[in-house]
Amino acid sequence: SYYFQSGEKQPRFVVGTTALSQIEILDLYDRTSDSKYLESAKLGGNWLTTMQKSDGWMKAYKEYKGGEWVYGEKKSLLYNGQVLSALSRLYKVTGEKRYYDAAEKIAQCFTEKVEKEGCYLGDDYRSKNPISSAWVVMSLLDFYKVNPDEYYKDIIFRCSGELLGRQQLETDEPLYYGTWDKAYSTSGNGWLAEVMVEVYKFCQEQNMDGCDKYKEAVIRATLWIIQNTYSEENTFFLKEPQKAVGGSFWNYENRYVRTDSVCHAVNAYVGIINDLEDGLLLSVPEKPFEEILEELKK
């Protein structure tokens, strides 16, 4: 991080940041075949392997503090999932066994945790929540692509099915229909929808029955995200409304736009759009404004 006010950098290196950057760099390599991207991804992967503990879990970060380097020892499903996805993808491209070995250790940590605690998971940073659980699903899905063991596939669909069961379909707050319990933002729900897109496609690839339930979950979440996206109709109260149009705001109570909210929302929508039928996703008939105004006058 860089702090503009003080002009100082923070000497803190987080495994999740490196892993996510590595995923994007590998995508650039896939699109361009430019070796500089692959070499950069390998540098990131090499560093990640040095951050793995003997039990398979990743140290969360490395930070220069008090005149020495210190490490984050708490377990994070988010960071470990990001690393598992990154190393699995890096192994798929390079075939270098050290990346696979490190990825396999994380996959084993995840499966052991699922066998012991079930699919609804938390860690040292967060109590049990669907977002962390979704990272286990997504990263095991990436690992399955380099180790197609039926055991991993079983856990992927077992935990995905449990996530479906936690989507809010009967709620006292109708405005939150289609969200996941303990996911309060467009960022979290967008991420869950994004994962459900991947599970939906994976289900189809495996020629399994019942894949549409994942598609329907994505549609419900997408409708909620659209409700929480700035448009020309709901930006009249902002100082610079045109800049906000298209931005997914956090939720009803906090209407600020975050980049990750927009990214997760767009990824989910783009992932499912070709599987949607032509026409409106949702239509809510409403009386003409003139009639409503007359009724209010009464």
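Keep in mind that the numbers below use all heavy atoms, side chains included, and drop hydrogens, waters and symmetry copies. Here the structure is a predicted model, which means the values were calculated and not measured. The first residue of the sequence shown is numbered 1, and numbering continues consecutively from there.
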Consider only side-chain N and O atoms of Thr186 and Ser261, and report whether a donor and an acceptor are under 3.5 Å apart.
yes
Taken to the nearest 0.5 Å, the spacing of Glu73 CD from Tyr61 OH works out to 8.5 Å
Given the rule that I, L, V, M, F, W and Y join up when any side-chain heavy atoms are under 4.5 Å apart, are Val270 and Leu276 in one cluster?
no
Between Leu77 and Phe110, does a side chain to side chain contact (heavy atoms under 4.5 Å, CB included) hold up when you go through it step by step?
CA-CA 8 Å; Leu77 291 172; Phe110 278 2; 3.6 Å; yes
I need the Tyr230 OH to Thr235 OG1 distance, nearest 0.5 Å.
8.5 Å
Determine whether the side chains of Asn129 and Tyr120 contain a donor N or O and an acceptor N or O closer than 3.5 Å.
no
Would you check if Asp34 and Leu28 make a side-chain contact, meaning some heavy-atom pair closer than 4.5 Å?
no
Interatomic spacing from CZ in Phe143 to CD in Gln108 - rounded to 0.5 Å
7.5 Å
Side-chain donor or acceptor of Thr49 paired with backbone N/O of Asn46 under 3.5 Å:
yes
Below 4.5 Å, heavy atoms only, C-beta onward: do Glu198 and Val195 meet side chain to side chain?
no
Check whether Val266 and Val218 end up in the same hydrophobic cluster, where Ile, Leu, Val, Met, Phe, Trp and Tyr are linked by side-chain heavy atoms less than 4.5 Å apart.
no
Side-chain donor/acceptor of Asp154 to backbone N/O of Glu150, under 3.5 Å
no
Could you tell me whether the side chain of Ser133 and the main chain of Leu121 form a donor-acceptor pair under 3.5 Å?
yes
Salt-bridge contact Lys201-Glu205 (side-chain N to carboxylate O under 4.0 Å)
no
Test your reading of the model: is there a side-chain donor-acceptor pair from Asn189 to the backbone of Ala221, 3.5 Å cut-off?
no
Any salt bridge between Glu294 and Lys297, counting N to O under 4.0 Å?
yes
Between Gln204 and Asp275, what is the shortest heavy-atom contact and its length?
NE2-OD1, 4.4 Å
Do you see a donor-acceptor pair shorter than 3.5 Å between the side chains of Asn147 and Tyr100?
yes
Might you point out which heavy atoms bring Leu78 and Trp135 nearest each other, and give the distance in Å?
CD1-NE1, 2.9 Å
Separation between CD (Glu194) and CG (Asn267), nearest 0.5 Å, reads 4.0 Å
Please determine whether side chain to side chain contact (heavy atoms under 4.5 Å, CB included) holds for the pair Cys159 and Val114, giving the CA-CA distance in whole Å, both sets of side-chain angles, and the decisive distance to 0.1 Å.
CA-CA 9 Å; Cys159 293; Val114 169; 4.1 Å; yes
Can you confirm whether or not the ring centre of Tyr214 sits under 6.0 Å from the ring centre of Phe202?
no
Take a 6.0 Å sphere around NZ of Lys243 and say whether it holds more than 12 heavy atoms from other residues, nucleotides or ligands.
no
Please determine whether a side-chain nitrogen of the Lys or Arg among Lys36 and Glu39 lies less than 4.0 Å from a carboxylate oxygen of the Asp or Glu.
no
Any chance you could lay out the side chain to side chain contact (heavy atoms under 4.5 Å, CB included) test for Val146 and Tyr99, step after step, and finish with the verdict?
CA-CA 11 Å; Val146 296; Tyr99 303 135; over 6 Å; no
Measure the shortest side-chain to side-chain distance between Ile272 and Met196 over non-hydrogen atoms and say whether it is less than 4.5 angstrom.
no
Okay, side chain of Asp142, backbone of Gln82: is any donor-acceptor separation there less than 3.5 Å?
no
Asn251 (side chain) donor-acceptor with Asn254 (main chain) under 3.5 angstrom
yes
One should read off an interatomic distance between Leu163 CG and Ile131 CD1, to the nearest 0.5 angstrom, of 10.5 Å
Within-4.5 Å side-chain heavy-atom neighbours: Tyr152 and Leu141:
no
Closest heavy-atom contact between Lys75 and Asp123?
O-CB, 3.3 Å
Might you work through the side chain to side chain contact (heavy atoms under 4.5 Å, CB included) test for Phe13 and Trp69, ending with a clear yes or no?
CA-CA 11 Å; Phe13 305 94; Trp69 288 102; 3.6 Å; yes
Any side-chain heavy atom of Val137 within less than 4.5 Å of one from Phe157?
no
Which pair of heavy atoms, one from Ser248 and one from Val262, lies closest together, and at what distance?
N-CG2, 3.7 Å
With a 4.5 Å cut-off on side-chain heavy-atom distances among I, L, V, M, F, W and Y, is there a chain of contacts connecting Leu192 to Leu164?
yes
So how far is it from Thr94 OG1 to Leu26 CG, rounded to the nearest 0.5 Å?
8.5 Å
Pro148 side chain near Lys153 side chain, heavy-atom distance below 4.5 Å
no
Presence of salt bridge, Lys42 and Glu96, under 4.0 angstrom:
yes
Does a side-chain heavy-atom distance below 4.5 Å link Tyr37 with Arg31?
no
Judged by modelled atom types alone, do Asp260 and Ser187 share a side-chain donor-acceptor pair under 3.5 Å?
yes
Under the 3.5 angstrom rule, does the side chain of Lys92 hit a backbone N or O of Lys145 as a donor-acceptor pair?
no
Contact summary for Thr229 and Ile225, nearest pair of heavy atoms
OG1-O, 2.7 Å
Test salt bridge (charged side-chain N to carboxylate O under 4.0 Å, His left out) on Glu216 and Lys213 and set out the steps.
CA-CA 5 Å; Glu216 295 303 318; Lys213 60 179 176 287; over 6 Å; no
If Ile, Leu, Val, Met, Phe, Trp and Tyr residues are connected whenever their side-chain heavy atoms lie under 4.5 Å apart, and connections chain through other members, are Phe237 and Tyr256 in the same group?
no
Test item: Asn228 side-chain N/O and Trp250 main-chain N/O as donor-acceptor pair under 3.5 Å
no
Salt bridge check: are Asp101 and Lys105 linked by an N-O gap of less than 4.0 Å?
no
State, to 0.1 Å, how close Ala244 and Leu238 come at their nearest heavy-atom pair, and which atoms those are.
CB-CD1, 3.6 Å
Say whether, by atom type as modelled, one donor and one acceptor occur between the side chain of Asn80 and the main chain of Met58 under 3.5 angstrom.
yes
Would you say Trp224 ends up clustered with Ile219 if hydrophobic residues are merged whenever their side chains have heavy atoms under 4.5 Å apart, either directly or through other cluster members?
no
Whether over 12 other heavy atoms sit under 6.0 Å from Lys113 NZ:
yes
